[in-house]
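To start, the structure under review is shown below, and the notes come after it.
Predicted model, so just to flag it, every value in this text is computed and none were measured. Atoms within a ligand are numbered from 1 in the order they appear, just like the ligands themselves.
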Amino acid sequence: MRYAILGDIHSNETALQAVLKHIDRENVDVLVSVGDVVGYGPSPGACISLLREREAVVVKGNHDAACVGELSIQHFNNYARKAVIWTKGVLTKDECSWLSELPLSVELNDCEVSHGSLFQPELFNYTQSISDADLSLESMKTPVCFVGHTHVPVTLWRPATNGGITEFNFEMVIALAEATKSLVNVGSVGQPRDEDPRAAYALFDSRQKTVELRRVQYDIDLEAAMFRDAGLPEVLAERLYLGV
Ligand code: ZN
C-alpha cells in the first residue's frame, strides 16, 4: 500500500491544493491526515471538502477540537485564539459535525496515526523530546506511527542495532526496516515552522518500508491575500513567507 500522509493544513487551501496535485502523481492508495484541518487560515470549508472528497482517514487536532467548542482556547496564543473565533463563525453545521466526529487516533493495517502523541492523544501533547517520543513508541502496535502538531518534520525511532535506544534524525528518506519502531512527524501543509515555507507531506510505502518527507512550493502571495481579505491577523499571513 502507498499512503500519503499530511497534516496541520490549518485552512490553507492554496497549500493543500498544491500538495494534492503532487500526491495525484504518486499512485497513492490512501490519503491520511494527522489533524488540524482548520484554525489559522481563511478556507476551513474548502479544506474539509477536499479531504472528504478523497475519503481521507483523518484524526482530530487541537485546533479542530477548539473550533467545535470541545477544547478551551485559554492556552492558545492571541492570534490562534482570534483565528479559532473567526473559524467558528464560518463553519457550517455539517462541517462542525464532521470535525466533531473525527477520532483522536487511528490504527490502520500498516501504521498508526495521531495528532500530537499516540500516548493519551486527548491531551494533545507535543512530541519534542526523546522521553515524549518514548511514551508513543511504547504505545504503538504497528512499526510506524505518524504525527504532526509541532509543524516540524522529524523522525524519532529505535534503530535495530543500538539496543533499543531512541534517537532522532531529520533525514528526508527513512528506511523503516532499520528500526524496530518509528514515530514520524510529517510537518505542516499550511503553517510550516521549520523556517522552510514550503508545504510538507510524507509518502509511506508499506511494501518497500520507506517514508519520504516531501516539500512543495505553493503560491504564498495568493494565500496571504486570502488571509487579509478574510480579516485574519496580519501576522498569520506574514509568517507564511518565513515558515515560522
Ligand atoms: Zn497545528
Side-chain angles (χ1 to χ4, degrees), residues 5-16 19 32-44 46-48 50-51 56-88 91 95 98-100 102-106 113-118 120-128 132 136 145-154 156 183-202 213 215-216 218 220 223 227 232-233 235-240 242-244:
I5 301 135
L6 51 83
D8 293 288
I9 298 164
H10 284 295
S11 304
N12 182 335
E13 186 192 357
T14 314
L16 179 58
V19 167
V32 176
S33 176
V34 299
D36 274 1
V37 181
V38 302
Y40 290 128
S43 311
C47 293
I48 290 172
L50 285 164
L51 294 182
V57 175
V58 186
V59 296
K60 190 183 290 178
N62 54 319
H63 286 253
D64 303 323
C67 288
V68 294
E70 293 174 3
L71 187 71
S72 160
I73 53 174
Q74 70 178 33
H75 297 299
F76 281 48
N77 69 48
N78 196 24
Y79 305 115
R81 206 179 299 149
K82 280 188 177 153
V84 167
I85 293 163
W86 183 92
T87 305
K88 274 186 172 175
L91 285 173
E95 288 160 354
W98 183 82
L99 286 168
S100 184
L102 295 176
L104 289 163
S105 63
V106 167
V113 186
S114 179
H115 184 59
S117 164
L118 194 61
Q120 298 181 322
E122 70 282 3
L123 299 181
F124 298 112
N125 284 329
Y126 293 91
T127 301
Q128 287 175 309
D132 297 338
S136 285
C145 174
F146 295 97
V147 296
H149 199 28
T150 63
H151 301 204
V152 177
V154 62
L156 293 123
L183 182 74
V184 181
N185 189 316
V186 299
S188 168
V189 170
Q191 288 277 325
R193 301 266 189 273
D194 59 347
E195 299 180 16
D196 180 344
R198 295 175 299 167
Y201 78 99
L213 296 171
R215 300 306 281 255
V216 180
Y218 72 97
I220 298 178
E223 185 62 29
F227 270 69
L232 285 158
V235 69
L236 295 179
E238 280 168 10
R239 70 196 300 185
L240 295 175
L242 306 171
V244 294

> Between His63 and Tyr40, what is the ring plane arrangement, given parallel below 30°, perpendicular above 60°, and tilted in between?
Replying inline: tilted
> Using the ring of each side chain (for Trp, its six-membered ring), is His149 parallel, tilted or perpendicular to His115, with breaks at 30° and 60°?
Replying inline: tilted
> Strictly under 2.8 Å, is any N, O or S atom of His63 next to the Zn ion (ligand 1)?
Replying inline: no
> Do any N/O/S atoms of His10 come under 2.8 Å of the Zn ion (ligand 1)?
Replying inline: yes
> Tell me, which N, O or S atom in Asp36 is closest to the Zn ion (ligand 1)?
Replying inline: OD2
> Looking at Asp8, which of its N, O or S atoms is the nearest one to the Zn ion (ligand 1)?
Replying inline: OD1
> Less than 4.5 Å apart, any side-chain heavy atom of Pro153 and any of Asp194?
Replying inline: yes
> When rounded to the nearest 0.5 angstrom, what distance separates CG in Asp196 from OG in Ser188?
Replying inline: 11.0 Å
